[in-house]
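Notes to accompany the following structure.
Residue numbers begin at 1 in each chain, while the letters A, B, ... track the order of the sequences. Just so it is clear, the structure is predicted and the values come from calculations on it, not from any experiment.
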Amino acid sequence: MGSLIELLTKPLQYAFMQTGFVAAVLIGVSCAVLGVYVVLRSMAFIGDALAHTVLPGLVAAYMLGLNLLLGAVVAGFITSLGIGWLSRRETLREDTAIGICFTGMFALGILLMSLTNSFRDFSHMLFGNILGVTRADLLLIGGLAGFVVLLLAMFHKELELTSFDPTQARSIGLSADRVRYGLLLLLALTVVAGIQAVGVVLISALLITPAAAASLLTTSLPRMMLIASVVAALSGIAGLYASYYLNVSSGAAIVLACTAFFVMASVLRAARRRPMKDAPIAGKPQ
Amino acid sequence: MKHPLFPYGHRRHADPVPGAPALSVRSVSAWHPGTEEPALSEVSLRVPAGARVALVGPNGAGKSTLLKLVAGLLQEESGEVRVFGNPVGACHHRVAYLPQRGEVDWRFPINLRKLVMTGRYVHLGWLRRPGARDRAAVDHAIERLGLRPLERRQIGQLSGGQQQRALLARALVGEADLLLLDEPLNAVDAETRAIISEVLSGLQRTGKTIMVATHDLDSLASEFDGALYLRDGREAEPEPGAFVGLRVGREAAWAH
């Protein structure tokens, strides 16, 4: 027993592990709460795309010696608005608009990278480096996470209504398009904060996998957000322990922990359903 | 009546113009985005306050389009629409729209009670949360449509008829004066049909104006005061022997 506690506390004596844990939980929770909307509105593709499109912002900020997060936020906003504008009132299908912005911006990022002749410096952008998070980064991540969750809480009823019934929203003068822009901007902020943890390539896993696991377990939206947050926070912690003891990439370990939770949720759901198979399901559509 | 601090539309309130009918449509033409043929051409309509009017016609005749136009979901290309004498969108809380069931994502994780509550949002606007008055209105509507035992059920686990009643409950809680109902009786069970019919006649007794798109020709005479027949986006002559009642079409719209 003593050794187990020692096993759990030993990494905590390092300052970089402490900040890592706090960052992983903050990022995990904000990604998970927002991720519930991403999953319910079938925006999984856009989460992935946004993550890739902040790359040129990161690289440009690096080349100019500016704050990397700031560069990423600007690139994320530009892409969000671009996608929203291209697909407004269904002029272009949204996934097509995303495909165009996503590949264009990612290519621009790679082009900028090749100009600096050093791909190696950027590996922490692509794959994350949560153990390199400084106290200042942590403050910024905390601020972003708090801001995102606060706005989601403030505009919950509009987000909910435009998600399941945009027609009703429009009939009371609430523009579903405007709400979607807002959601895309929040998504950009969240993605930027999350890049520190798992990098550009894997960030969409933090958005989608915990929310998808939660959606298998409940039909209540607040509970879905709660379960997704717990899954994401636990994955962040488990991933960091795995990374410490097995000496593997922290970003990959966090994402794989999310995946493991998703598998568990699927098994749990299957197990819950089986005994009821022969029983009449209450309220089944007639 | 409480008004929102930050309304969704641009305006929070507009008083009815004295003497104006509940709905006046004059020579309106409209297209759905990206289509060649007009969905409505030169349609006129006048619905006096307190009347129950049926929109009758086959699929694609323009019934839904006309309702959407009045609900502010579609913009007319030419012509004029006035609701209680004001332009569409001048006073969102005076109009309630009941969509066809397919417009709603029924898999979304909310329960019936929450769905009905969204009908109060027009009175809340941005940032404000539902209060005791809103909850009371929801309770009342749920009771009236016989949905009390189902109020905590996820909306996808309701039958078609129950979903339709939930949508009507939502249209009721807004306490609108003009109700636009798109095929509320399409493919519903007998119980739902009876409840909805009863609720609609109750509404008329309280002075509400009701416009309903319908396929059902048998109940026209007993449940409506007038009917507008549509075919291919135009006003059509009723079949010989069909219900006419109160004149609401072209001649009525231009008589004043």
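For the pair A/Lys157/B/Leu124, a side-chain contact is recorded, criterion being any heavy-atom separation below 4.5 Å from C-beta on. Between A/Leu221 and B/Phe108 the shortest side-chain heavy-atom distance falls below 4.5 Å.
There is a side-chain donor-acceptor pair under 3.5 Å between B/Glu103 and A/Thr167. No side-chain donor from either of A/Glu158 and B/Tyr121 sits under 3.5 Å from a side-chain acceptor of the other.
For CD of B/Glu198, the number of neighbouring non-hydrogen atoms (other residues, nucleotides, ligands) closer than 6.0 Å is 12 at most.
Contacts of A/Leu161 with chain B are made by side-chain atoms alone, with heavy-atom separations under 4.5 Å and no backbone atom involved. The part of B/Lys114 that comes within reach of chain A is its side chain, from C-beta onward, which places non-hydrogen atoms under 4.5 angstrom from that chain. If you measure heavy-atom distances from A/Met224 to chain B, the contacts under 4.5 Å come from the side chain alone. Proximity to chain A is absent for every atom of B/Arg107, based on heavy atoms less than 4.5 angstrom apart. Looking at B/Trp126, the atoms closer than 4.5 Å to chain A (heavy atoms on both sides) sit in the backbone and in the side chain alike. Residue A/Val179 touches chain B through its side chain alone, counting heavy-atom pairs closer than 4.5 Å.
The two residues B/His92 and A/Ser171 make their nearest non-hydrogen contact at ND1-O, 3.4 Å. Contact between B/Gln154 and A/Thr219 at its shortest, heavy atoms only, is CG-CB, 3.8 Å.
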Exercise for the section: Go through A/Ile172 and B/Tyr97 one step at a time and tell me if the side-chain contact (heavy atoms from CB on, under 4.5 Å) criterion holds. Expected result: CA-CA 9 Å; A/Ile172 61 172; B/Tyr97 170 71; over 6 Å; no
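Atom CZ in A/Phe164 sits 4.5 Å away from atom OG1 in B/Thr118 (nearest 0.5 Å).
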